[in-house]
Amino acid sequence: MSDLTGATPTDLPPAPQAPSHAELFLAFLKITVMGFGGTLPWTRRMFVEEKRWMTAEEFNDVYALCQFLPGPNIVNLTSVFGSRMRGPTGALAAWAGFLILPFTLMLTVGVLYAQYGDVDALRRILKGLAAGAAGLLIATAAKMVVPLFKDGIGPAPFVVLGTAAAIGIMRWPLLGVLAILVPISIGLAWWVRR
Amino acid sequence: MKADGDVLVVLAVQFAIMSLLALGGANAVVPEIHRQAVDMRGWMTERQFADMFAISQAAPGPNVMIVTLVGYHIAGFWGAVVTTLAMCGPTAVLAAYLSSTWDRFRHRPWRVAVQAGLVPISVGLVSASAIVLTGVAVHNLAAALVAAVTAALAYWTRWNPLWLIGLAALAGFIGII
């Protein structure tokens, strides 16, 4: 395996200056303002290109970790960035900066929905939105499923089908399903790689 | 509905568990939120769940913010605070902690196997979300058509998803669905 990406942070050119807590908070606040419909490209742009707080390699590394971990990936990303820059309190500043606006917005929408959710025009819009959102999710799933099935042989397609059927069709509890399928899937991956 | 302590505790525990089970991101737990909030506890109707998912996808900000809407609906302001913290807190702490030790494990064979084993699980979970959401949002032929066209455009073109979802909303507004 190539070790090109194996550089430790000390091998890399030093960042111009580590951001302060306030800068971290404001950076992620700004990302949520600009990142209408997708915050990841903006995060990358700000951290790697504009402020140069991170190299492209470090960014990819952090992103890989957050894809691997459970939970909302992009929220995890904020916390990893913050902690790399300023430790635990830096993580909190970045995390809070990222969540404060979306939270306030959703709370406002929640209040409005409780008030006006039954208005006829809104009902029609929401029906259309829901069908469109389901369509987007179908496309997202398809984009992930197709490459796995193209890779052909191996246990992955069966794990995908098993998980989708257990949760999507049988509607079994998530905890139980994962407690059984995760060890099986990891075991199969280990066995195939031997 | 107004906040009472028991509901808040249930929300905190259930959403914290869900955050740790969200392999591949927030969309992975949409079926579980549906199972608990609609099927098991009757906190909301199918229609309300569909609305909240639609709003969270169309609104700016990460998709995980559906939990804020769900929390507000179930238990008001504090419900929203509790579901948001429970969903966004635990794994953020885990991620920050692991980021310092991650480099050491990167090329270990077990880590490669764990990653290879988790990918198809998270793909299966997103597929399950798509199945559940389609069942919740599509009730007639016209809605099925809108969902299918949106899916096809999102899959084969590079159009901004916001335009696609906007077109779907327009189709609803003019009364096609």
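Residue numbers begin at 1 in each chain, while the letters A, B, ... track the order of the sequences.
Chain A forms the most heavy-atom pairs under 4.5 Å with one residue out of B:V114, B:T134, B:V149, and that residue is B:V114. Taking chain B as the reference chain and counting heavy-atom pairs below 4.5 Å, the highest number among A:G187, A:G162, A:A131 is found for A:A131. The most heavy-atom pairs under 4.5 Å with chain B, out of A:C66, A:P183, A:A114, A:A133, come from A:A133. Per-residue counts of heavy-atom pairs under 4.5 Å with chain A were compared for B:S56, B:C88, B:P90; the largest is that of B:C88. Of the listed residues B:Q57, B:H139, B:Q115, B:M65, the one with more heavy-atom pairs under 4.5 angstrom with chain A than any other is B:M65. For the set B:A26, B:P109, B:A28, the entry with the most heavy-atom pairs within less than 4.5 Å of chain A is B:P109. Of the listed residues (B:A54, B:A152, B:G166), the greatest number of heavy-atom pairs within a distance under 4.5 Å of chain A belongs to B:A54. The choice from B:F173, B:W156, B:F77 that makes the most heavy-atom pairs within less than 4.5 Å of chain A is B:F173. The most heavy-atom pairs under 4.5 Å with chain B, out of A:G82, A:A130, A:G117, come from A:A130.
Follow the hydrophobic side-chain contacts under 4.5 Å out from B:I55 and you never reach B:V138; the two are in separate clusters. In the hydrophobic clustering of ILVMFWY residues, with side-chain heavy atoms under 4.5 Å counting as a link, A:W95 and B:L94 come out together. A continuous path of ILVMFWY side-chain contacts below 4.5 Å connects B:V10 to B:I33, so both sit in one hydrophobic cluster. Following chains of ILVMFWY side-chain contacts shorter than 4.5 Å, one cannot reach B:L85 starting from B:V93, and the two form parts of different hydrophobic clusters. Both A:F81 and A:M34 belong to a single network of hydrophobic side chains, linked directly or stepwise wherever heavy atoms of I, L, V, M, F, W or Y lie under 4.5 Å apart.
Both the backbone and the side chain of A:S79 come within contact range of chain B, each with at least one heavy atom under 4.5 Å from a heavy atom of that chain. With a 4.5 Å cut-off on non-hydrogen atoms, B:A171 does not touch chain A at all. For a residue to count as touching a neighbouring chain, one of its non-hydrogen atoms must lie under 4.5 Å from one of that chain's; by this rule A:L175 touches chain B with backbone and side chain alike. Both the backbone and the side chain of A:I167 come within contact range of chain B, judged by heavy atoms closer than 4.5 Å. At a 4.5 Å heavy-atom cutoff, the contact between A:Y113 and chain B is made by side-chain atoms alone. A:L188 does not touch chain B: none of its heavy atoms, backbone or side chain, sits under 4.5 Å away. If you measure heavy-atom distances from B:A80 to chain A, the contacts under 4.5 Å come from both the backbone and the side chain. Residue A:W191: no heavy atom, backbone or side chain, is found under 4.5 Å from chain B. Residue B:M40 does not touch chain A at all, counting heavy-atom pairs closer than 4.5 Å. In this structure, the portions of A:V111 lying under 4.5 Å from any heavy atom of chain B include both its backbone and its side chain. Looking at A:R193, the atoms closer than 4.5 Å to chain B (heavy atoms on both sides) all sit in the side chain, from C-beta outward. Using a 4.5 Å cut-off between heavy atoms, B:I121 contacts chain A through both its backbone and its side chain. Only the side chain of B:H34 comes within less than 4.5 Å of a heavy atom in chain A; its backbone stays farther off. Both the backbone and the side chain of B:Q48 come within less than 4.5 Å of a heavy atom in chain A. Heavy-atom distances place both the backbone and the side chain of B:S127 under 4.5 Å from chain A. Of the two parts of B:T68, only the side chain, counted from C-beta on, holds a non-hydrogen atom closer than 4.5 Å to a non-hydrogen atom of chain A.
The shortest side-chain heavy-atom distance between B:R35 and A:P173 falls under the 4.5 Å cut-off. Using a 4.5 Å heavy-atom threshold, the side chains of A:F103 and B:V81 count as touching. Counting heavy atoms from C-beta outward, B:V64 and A:I74 have side chains that stay 4.5 Å or more apart. Residues B:L118 and A:S185 fail the side-chain proximity criterion, which asks for heavy atoms closer than 4.5 Å. Using a 4.5 Å heavy-atom cutoff, the side chains of B:S99 and A:R84 are in contact. Side-chain contact between B:P120 and A:P157 is absent, with no heavy-atom pair separated by less than 4.5 Å. A:F98 places a side-chain heavy atom less than 4.5 Å from the side chain of B:P62.
A donor-acceptor pair is defined here as one N or O able to donate and one able to accept, closer than 3.5 Å; no such pair exists between the side chain of A:R124 and the backbone of B:I177. B:T150 contributes no side-chain N or O that, together with a main-chain N or O of A:G135, makes up a donor-acceptor pair within less than 3.5 Å. Remark: side-chain polar atoms of B:W110 are not paired, donor with acceptor, to backbone N or O of A:W190 under 3.5 angstrom. In terms of modelled atom types and a separation under 3.5 Å, the side chain of B:E32 and the main chain of A:L174 share a donor-acceptor contact.
Scanning all heavy atoms of the two residues, the minimum distance from B:A154 to A:L136 falls at CB-CD2, 3.8 Å. Summarising the geometry of A:N76 relative to B:A95, their closest heavy-atom pair is CB-CB, 3.9 Å, with the distance given to 0.1 Å. For B:L21 against A:L178, the heavy-atom pair with the smallest separation is O-CD1, 3.5 Å. Here the shortest heavy-atom pairing between B:A58 and A:L129 reads CB-CD2, 3.9 Å. Across every non-hydrogen atom of B:G24 and A:N73, the tightest pair is O-OD1, 3.4 Å. Closest approach of B:G117 and A:A189 over heavy atoms only: N-CB, 3.8 Å.
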### Query
Checking side chain to side chain contact (heavy atoms under 4.5 Å, CB included) for the pair B:F53/A:L137: CA distance, chi angles, key distance, verdict?
CA-CA 11 Å; B:F53 180 79; A:L137 203 51; 3.7 Å; yes

### Worked check of side chain to side chain contact (heavy atoms under 4.5 Å, CB included) between A:K127 and B:R47
CA-CA 9 Å; A:K127 258 194 221 169; B:R47 194 201 82 196; over 6 Å; no

#### Entry: Pair B:L23-A:V182, side chain to side chain contact (heavy atoms under 4.5 Å, CB included): steps then yes or no
CA-CA 10 Å; B:L23 297 173; A:V182 167; 4.0 Å; yes

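A side-chain contact (heavy atoms from CB on, under 4.5 Å) with A:M106 is found for exactly one of B:L69, B:V67, B:V70, B:I66, namely B:L69.
Here the OG atom belonging to B:S19 is positioned 11.0 Å from the CG atom belonging to A:L69, to the nearest 0.5 angstrom. The CD1 atom of A:I125 lies 11.5 Å from the CD1 atom of B:I174; values are rounded to the nearest 0.5 Å.
Within a 6.0 Å radius of CD1 in A:I100, other residues, nucleotides and ligands contribute 12 heavy atoms or fewer. In this structure, A:R45 places its CZ atom where only 12 or fewer heavy-atom neighbours from other residues, nucleotides or ligands lie under 6.0 Å away.
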